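Below, chains carry the letters A, B, ... as their sequence lines are ordered, and counting in each starts from 1. Predicted model, so just to flag it, every value in this text is computed and none were measured. Computation of the quantities below employed the complete heavy-atom set of this structure, encompassing side-chain atoms and omitting hydrogens, waters and symmetry-equivalent molecules.
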Amino acid sequence: MKMFSTQIIVPVDSNSVLQGALEVKHVLEEMIGAYNLASQVSVVETGALGIYDQGVVLAVFPDDVYYGGVKPVDVQEIVTEHLLKGRVVSRLVIDRNLSNRRLVEKETGKSQQKIVLRNAGLIDPQSIDEYIARDGYGALAKALAMQPGEVIQVLTDSKLQGRGGAGFPTGLKWGMVAKEQSDEKYIVCNADEGEPGTFKDRLILEGDPHSIVEAMTIAGYATGAHLGIVYVRGEYFMSIARMQKAIKDATEYGLLGDDVLGTGFKFDIEVYRGGGAYICGEEFALLESIENQRGEPRNKPPFPPQVGLFGKPTVVNNVETFANVPPILLNGSDWFKSFGTPTSAGTKVFSLSGDVVNRGIVEAPFGVTLRELIYDFGGGVKGGKRIGFIQTGGSAGTVLTDKYLDTPLDFASMKTSNVSIGSGVILVASEDVPLLPFLEEVAHFFWHESCGKCTPCREGTLQIKAIMEALVGRTADPDALSRLGRLLNTLSNTSFCGLGQAVPLAFESALRNFPEVFDRALAESHVPEACQEEA
Amino acid sequence: MGSDKIVQSAGKAGTLSEEDRAFLQDVVERDRAEHRGRVSYMDIMFELEHHYGNSLPGEVLGEVARLVGAPASQLNGFVTFYTMLSTKPRGRHVIRICTSGPCHVTGAPAIVTELKRLLGVELGETTSDGMFSLEASSCLGICGVSPALMIDDDAYGNLTPDDLPRILAAKRAGGAT
């Protein structure tokens, strides 16, 4: 094995590629060749560091120096000054604490914990050897030496809950599938990440695809399933490619296939693609889509653990949920429970977007506050402006004022403080962003994404959109707000599936937290003359 | 997912060349092998859309329905449900501009306005030279560099209206060959 004295890490993911990461890497490799450094310096492509507002980032180890905003023309200086002469190019140095390796490290003592993102940005996601070198597939080997029931018990004890938004206990779900008597069972990974503002699953799939392969295989062993399906968003080209490569490599290494690790256990994984339908994040709609149907939800019960894919017992878990499984098996349930809050064990991966200085992905223990996420990691609002509003949990989430900055975020925060955590979206809008046009866009989104199966959601989203358009255009009639209230009530109580039931969250919370904005729009409204009798 | 997409029904299976038929059979069989005897309509439709210029002609859907042993109506129902698929003819390049929350907050409305002006079309329309179709998209999952759009398989981020002429010109030049 070659020993390199210096290693340069280039994070390459869908976000950084857009900023020129591949060009920088290419020039860097050429320069290293030109200066005869190829035997001493290795350039390693990794998954995302989770930070995007510093342009292309290079990290030089063991020097622990982070360069940001690197352009191809800067590369020669880094090579001749830093690599040849050992002089750090100070004009390009960025605060390495911005790397999500050290997120949210602050006086409160709640240092950042990387469980889900343990490998992202550290290893080459396309190298199975690097994954194995970081304890990869160790949890699978450990699980295969246990009884399936023992594996499920560890997960149950860990109190791991689903990270897709609903928070269902993972161990319980696996246990339900395990006890079903069926010759066919399925493990499905929901990678149809579509909640606006969520880009964490993309980072996991692009940065650490083997963790999903390993976790799904463990789930297969624990529940008696032999086929796993990863349903990935159709637009996630890099995620699909990296997942497919991970499956291929794992099969070649005997970690998937007819005889996993020589134990006689059979498990395979296939990739299916989504077609740009938000509803397919709903588990039954997703299963329908895999079955070549329109993505429309099914009646519940029965639930997927009893009657799921192709009518067979099925585990459906989110990408982030799966990514938690190998570390829990390796380190034990007590270790996992040592992070988070009494109601919510472990960490949550948050997607921070909008008008913050540092947009990106943050993994922090449950109990972290919006203030910590937005100011400590996010660096505050761009241009030193004030917060206008914050949307948490996604479009199907709550719209908040800055009064909520110190609310601890966990699975209980919706019940206790009306703060939705959902898929972990933290979208910050500065005081310059008007609220009503934003809500009009949210209404448009749900109208477009409603599958049309049930009347409350299909017609209700259309009516909500019309009311929001009228409020924005100042043409709302005096009854508009009370009609909106009745519509929201109808949607949350009578919609067929979670999509329609969750639509009201954004509007109800906005009405509660920003009543003056709605009242002003109504007061300034006048019904267009064409609609008036006397005109 | 609007019903306006249904402009060509699947089922007219008479107008395909032998070459087309052989190609379609090959696509379906390859997919069947990949999915252990099952097929994924989505995989097949993505490949066909790419092959037939970003849309799915009715006679192609009819032949695929025959090959997979499904009613043409089911296939038609499938392709008209999913936003990424289209039975309506589209331009050589499909522009998907994200209008969801994070892009909205960071400037998507101005990007949409400028794209409409530069291309002379509304959302959902195709330029008269057949080069670009402009579509609004839900979140593309690249919110770290919003506002963002995709043209075909390529994503562009941190956009300002001033970036758009250059991006369109590069696509136009690349796509003309």
Side-chain contact test, heavy atoms from C-beta onward, threshold under 4.5 Å: evaluate it for B/V145 versus A/F199 and give yes or no. no
Among A/F310, A/F445, A/Y236, the residue with the most heavy-atom pairs under 4.5 Å to chain B is A/F310
Checking heavy atoms, do the side chain of A/V428, its backbone, both or neither come under 4.5 Å from chain B? backbone
Hey, does A/E270 have a side-chain heavy atom less than 4.5 Å from the side chain of B/R36? yes
A/S351, part contacting chain B, at a heavy-atom distance under 4.5 Å: neither
Where do A/R359 and B/T106 land on the side-chain hydrogen bond (donor to acceptor under 3.5 Å, both in side chains) test, with the steps shown first? CA-CA 12 Å; A/R359 294 172 290 182; B/T106 49; 4.7 Å; no
Show, in sequence, the C-alpha distance, side-chain angles and deciding distance for B/F81 and A/I279, and conclude whether the side chain to side chain contact (heavy atoms under 4.5 Å, CB included) test is met. CA-CA 11 Å; B/F81 184 84; A/I279 180 65; 3.8 Å; yes
Side chain to side chain, A/E291 and B/Y41, heavy atoms closer than 4.5 Å: no
Interchain contact, B/H35 with chain A, by part (heavy-atom threshold 4.5 Å): both
Between B/T83 (side chain) and A/G276 (backbone), is there a donor-acceptor pair under 3.5 Å? yes
Selection from B/S137, B/C98, B/A155, B/P109 maximising heavy-atom pairs under 4.5 Å formed with chain A: B/A155
Note, A/Y272 side chain near B/R38 side chain (heavy atom, < 4.5 Å): yes
So which residue, A/S395, A/P437, A/P434, A/G194, ends up with the most heavy-atom pairs under 4.5 Å with chain B? A/P437
Mark yes when over 12 heavy atoms from residues, nucleotides or ligands other than B/H51 sit less than 6.0 Å from its NE2; otherwise mark no. yes
How about B/Q74 and A/Q293: do any of their side-chain heavy atoms sit closer than 4.5 Å? yes
Please report the shortest heavy-atom distance between A/G275 and B/F46, naming the atom on each side. CA-CZ, 4.1 Å
Counting only non-hydrogen atoms closer than 4.5 Å, does B/V68 touch chain A with its backbone (N, CA, C, O), its side chain (CB onward), both, or neither? neither
Nearest heavy atoms of A/H448 and B/S138, plus distance in Å: ND1-OG, 4.3 Å
Among A/C280, A/S430, A/G274, which has the most heavy-atom pairs under 4.5 Å with chain B? A/G274
So, the side chain of B/Y82 versus the backbone of A/G295: is there a donor-acceptor pair under 3.5 Å, distance only? yes
Indicate yes or no: at least one non-hydrogen side-chain atom of A/R273 is less than 4.5 angstrom from one of B/S40. no
Can you tell which of A/V433, A/D432, A/D355 has the highest number of heavy-atom pairs within less than 4.5 Å of chain B? A/D355
For A/V442, is it the side chain, the backbone, both, or neither that has a heavy atom closer than 4.5 Å to a heavy atom of chain B? neither
dist B/I44:CD1 -> A/N292:CG (nearest 0.5 Å) comes out at 7.5 Å
Under 4.5 Å from any heavy atom of chain A, what part of B/N158 do you find: side chain, backbone, both or neither? side chain
A/I290 vs B/M42, test: side chain to side chain contact (heavy atoms under 4.5 Å, CB included). Steps then yes/no. CA-CA 9 Å; A/I290 296 174; B/M42 202 74 78; over 6 Å; no
Could you please spell out the steps behind the side-chain hydrogen bond (donor to acceptor under 3.5 Å, both in side chains) verdict for B/S100 and A/E441? CA-CA 7 Å; B/S100 290; A/E441 169 49 39; 4.6 Å; no
What's the shortest heavy-atom distance between B/F78 and A/S289, and which atoms? CE1-O, 4.4 Å
Given that the side chain runs from C-beta out, which part of A/I229 has a heavy atom under 4.5 Å from chain B: side chain, backbone, both or neither? neither
Taking A/R202 for its side chain and B/L140 for its backbone only, find out whether a donor-acceptor pair lies under 3.5 Å. yes
At a 4.5 Å cut-off on heavy atoms, which part of A/Q244 comes close to chain B: side chain, backbone, both, or neither? side chain
For A/F237 and B/M150 the tightest heavy-atom approach is CE1-CE, 3.4 Å
Which atom pair, heavy atoms only, marks the closest approach of A/G197 to B/C139? N-SG, 3.4 Å
Quick one: which of B/P102, B/G77, B/A70 has the most heavy-atom pairs under 4.5 Å with chain A, could you say? B/P102
Is it the side chain or the backbone of A/V271 that comes within 4.5 Å of chain B heavy atoms, both, or neither? backbone
